[in-house]
Amino acid sequence: MIWMIGLFVLLVMLGTPLAFAIGITAIYALLESGGTALLRLVPMRLFSGIDMFSLMAMPFFILAGDMMNRIRITDRLVDLANAMVGRVRGALAYVNVLVSVLFAGLTGAAVADTAAIGRMMIPTMHAQGYERAFAAAVTASSSVIGPIIPPSIIMVIYGSLMQVSIAGLFAAGILPGILMAVALMGYIAWRAKRDDLPVAALRRDTPPLAAATRRALVPLMMPVIILGGILGGIVTPTEAGALAVFYALIVGVVVYRNLGWKDIGALLYDMVRTSGSVFIILAAASILGWVLAKEGVPGELAALLLGISDDPLIFLFVVSFALLIVGMFMEMTAVLIILGPILHPIAVSLGIDPLHFAIVMIVNLNIALATPPLGACLFVAASVGEVSFERLMLRILPFILVEVLVLALVIAFPAIALTLPAWLGLH
């Protein structure tokens with residue numbers, strides 16, 4: 001194990017693509033475990049690692065989210081958010097968070113939300129008197145709400161790997177995501193009063209609430225189609241993803257008429273690249289997972305964690321602390337793929353509800369997206385907002401603390417995650 005960890009860390013530090021770092025480490029472990037004879041397992045494990053029907057939903061959700069980004073619906077969502085909260089002190093910071101919540105139902109990807117919302121909101125906030133670093137911090141911290149409120153690509157991966165209901169996960173993420181948005185707005189309200197944040201100078205053509213709602217109704221129907229279909233038991237997540245792509249195509253080609261065939265080709269190319277990178281990580285991780293299981297690593301890790309405490313609450317806090325640390329240095333999907341199959345059975349053996357543990361892990365890993373030093377949302381927000389990474393790190397720390405407090409509430413009160421799935425008959 002020490003040699004495996006050392007080899008993996010070395011490969012990552014040398015800049016080896018993550019899938020190959022995992023795969024090379026797994027093949028080394030196979031050779032050490034059973035010699036060349038076990039190499040015959042590699043093709044089979046590569047295939048079985050991605051041979052899951054539910055994973056087909058992921059490319060659809062990626063494509064649908066990219067389409068909605070490409071047809072530039074962000075301004076309509078900003079107008080709606082402005083109409084709702086645009087006349088109070090610190091209004092644009094509230095709008096930024098609210099747009100992230102609205103955008104969450106369209107893309108399900110935090111980095112995409114940071115880029116799309118940041119391009120519009122950070123320059124606008126700066127023009128109205130906000131510090132650029134503060135505007136970028138609001139954008140990065142609120143964007144992590146995206147994969148918590150469904151649809152969520154990371155939930156599709158988790159449900160597929162751990163055999164947990166994806167519909168149940170979607171329902172379980174709604175209240176924690178909304179709670180995180182409310183908590184961020186609460187902190188902004190305190191900052192607005194303490195620092196005398198600007199009052200938004202709304203454009204004269206900013207529509208009233210009713211008109212803004214009508215303009216935003218078309219894009220906002222996307223989450224209704226996805227969630228209504230899945231939670232209502234009408235379609236599977238994969239079918240809902242396909243419907244979302246079809247709806248986005250109609251909106252871009254017929255309704256707004258700003259999506260051309262060249263755009264569709266580029267979007268398909270991006271979707272294949274993004275999906276392929278995740279699938280190859282999944283395939284390589286399945287080899288590593290098999291080796292770890294063969295060597296009894298999950299049992300050893302379980303014994304180690306249970307040696308600290310067999311209290312479910314303490315276990316969740318210990319795991320959350322570890323995930324936040326690991327998430328600072330590793331990509332979210334990789335952490336989920338490597339550690340999820342190990343930690344999930346331990347949690348279930350302690351009597352922790354599978355949906356509850358899933359949401360705790362997903363919220364953890366999403367917070368890590370905005371956590372220094374390697375949070376992907378931080379780099380995107382710094383680039384889009386034209387602000388130094390160091391200044392952004394300082395400004396985002398209070399927002400991270402607020403999100404960690406929300407995570408603690410989700411851990412301590414499972415009903416936050418489990419009430420909605422129970423009401424919908426998904427738990």
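Keep in mind that the numbers below use all heavy atoms, side chains included, and drop hydrogens, waters and symmetry copies.
The shortest distance between side-chain heavy atoms of I367 and V406 does not fall below 4.5 Å. A heavy-atom distance below 4.5 Å is found between the side chains of Y158 and L336. Residues F357 and V319 are in side-chain contact: their nearest non-hydrogen atoms beyond the backbone lie under 4.5 Å apart. In this structure the side chain of D195 never reaches within 4.5 angstrom of the side chain of F134, judged on heavy atoms. Between M125 and V95, every side-chain heavy-atom pair lies at or beyond the 4.5 Å cut-off. No side-chain heavy atom of L46 sits less than 4.5 Å from a side-chain heavy atom of F279. Contact annotation: the side chain of M180 approaches that of V144 to within less than 4.5 Å [non-hydrogen atoms, C-beta and beyond]. Side chains of I149 and V101 form a contact here, defined as non-hydrogen atoms less than 4.5 Å apart.
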Determine, step by step, whether Y28 and F8 satisfy the side-chain contact (heavy atoms from CB on, under 4.5 Å) criterion, reporting the C-alpha distance in whole Å, the side-chain angles of both residues, the deciding distance to 0.1 Å, and the verdict.
CA-CA 10 Å; Y28 166 79; F8 177 75; over 6 Å; no
I would like to know whether L259 and L267 meet side-chain contact (heavy atoms from CB on, under 4.5 Å); could you show each step before the answer?
CA-CA 10 Å; L259 189 67; L267 289 168; 3.9 Å; yes
Could you please spell out the steps behind the side-chain contact (heavy atoms from CB on, under 4.5 Å) verdict for I188 and F399?
CA-CA 9 Å; I188 290 169; F399 293 93; 4.2 Å; yes
Do V138 and M121 pass the side-chain contact (heavy atoms from CB on, under 4.5 Å) test, and can you show the C-alpha distance, the side-chain angles, and the key distance before you say yes or no?
CA-CA 10 Å; V138 175; M121 291 303 304; over 6 Å; no
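Ring planes of F389 and F379: parallel class, angle under 30° (limits at 30 and 60°).
Here the shortest heavy-atom pairing between S100 and S142 reads OG-OG, 3.0 Å. Of all non-hydrogen atoms in A19 and A284, the two that sit nearest each other are O-CB, 3.5 Å. Summarising the geometry of I287 relative to A26, their closest heavy-atom pair is CG2-CB, 3.6 Å, with the distance given to 0.1 Å. Annotation for A136 and V387: closest pair CB-CG1, 4.0 Å, computed over non-hydrogen atoms. In plain terms, the two heavy atoms of M361 and L323 that are nearest each other are CG-CD1, 3.8 Å. When all heavy atoms are compared, the tightest approach of F60 to M56 is CD1-O, 3.2 Å.
Taking a 6.0 Å sphere around CZ of R194, one finds it holds more than 12 heavy atoms contributed by other residues, nucleotides or ligands. In W3, the CH2 atom is not crowded: 12 or fewer heavy atoms of neighbouring residues, nucleotides or ligands sit closer than 6.0 Å.
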Would you be so kind as to tabulate the donor-acceptor pairs closer than 3.5 Å made by side chains of residues 217-236, with sequence neighbours excluded?
from: T236; atom 1: OG1; to: E239; atom 2: N; distance (Å): 3.2
from: T236; atom 1: OG1; to: E239; atom 2: OE1; distance (Å): 3.4

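For S320, the side chain to side chain donor-acceptor pair (under 3.5 Å) test picks out N364, with sequence neighbours left out. For Y187, the side chain to side chain donor-acceptor pair (under 3.5 Å) test picks out R191, with sequence neighbours left out. Under the salt bridge (Lys or Arg N to Asp or Glu O under 4.0 Å) criterion, E131 pairs with R391, R395, sequence neighbours left out. Not counting sequence neighbours, the partners of D263 by the salt bridge (Lys or Arg N to Asp or Glu O under 4.0 Å) test are R70. A search for side chain to side chain donor-acceptor pair (under 3.5 Å) contacts involving S160 returns S54, not counting sequence neighbours.
Summarising the geometry, atom CD1 belonging to I416 is positioned 11.5 Å from atom CD1 belonging to I359; distances are rounded to the nearest 0.5 Å. Of the inter-residue distances, the one linking L401 atom CG with S141 atom OG reads 11.5 Å to the nearest 0.5 angstrom. The line from CE of M67 to CD1 of I62 is 13.0 Å long, rounded to the nearest 0.5 Å. Of the inter-residue distances, the one linking I352 atom CD1 with L316 atom CG reads 4.0 Å to the nearest 0.5 angstrom. To the nearest 0.5 angstrom, I400 atom CD1 is 11.5 Å from L407 atom CG. Note that OH of Y269 is 10.0 Å distant from OG1 of T274, once rounded to the nearest 0.5 Å.
Between the side chain of S383 and the main chain of V380, no donor-acceptor pair closer than 3.5 Å is present. The backbone N or O of G385 lies less than 3.5 Å from a partner atom in the side chain of R132, making a donor-acceptor pair. Side-chain atoms of H356 come within 3.5 Å of backbone N or O of V410 as a donor-acceptor pair.
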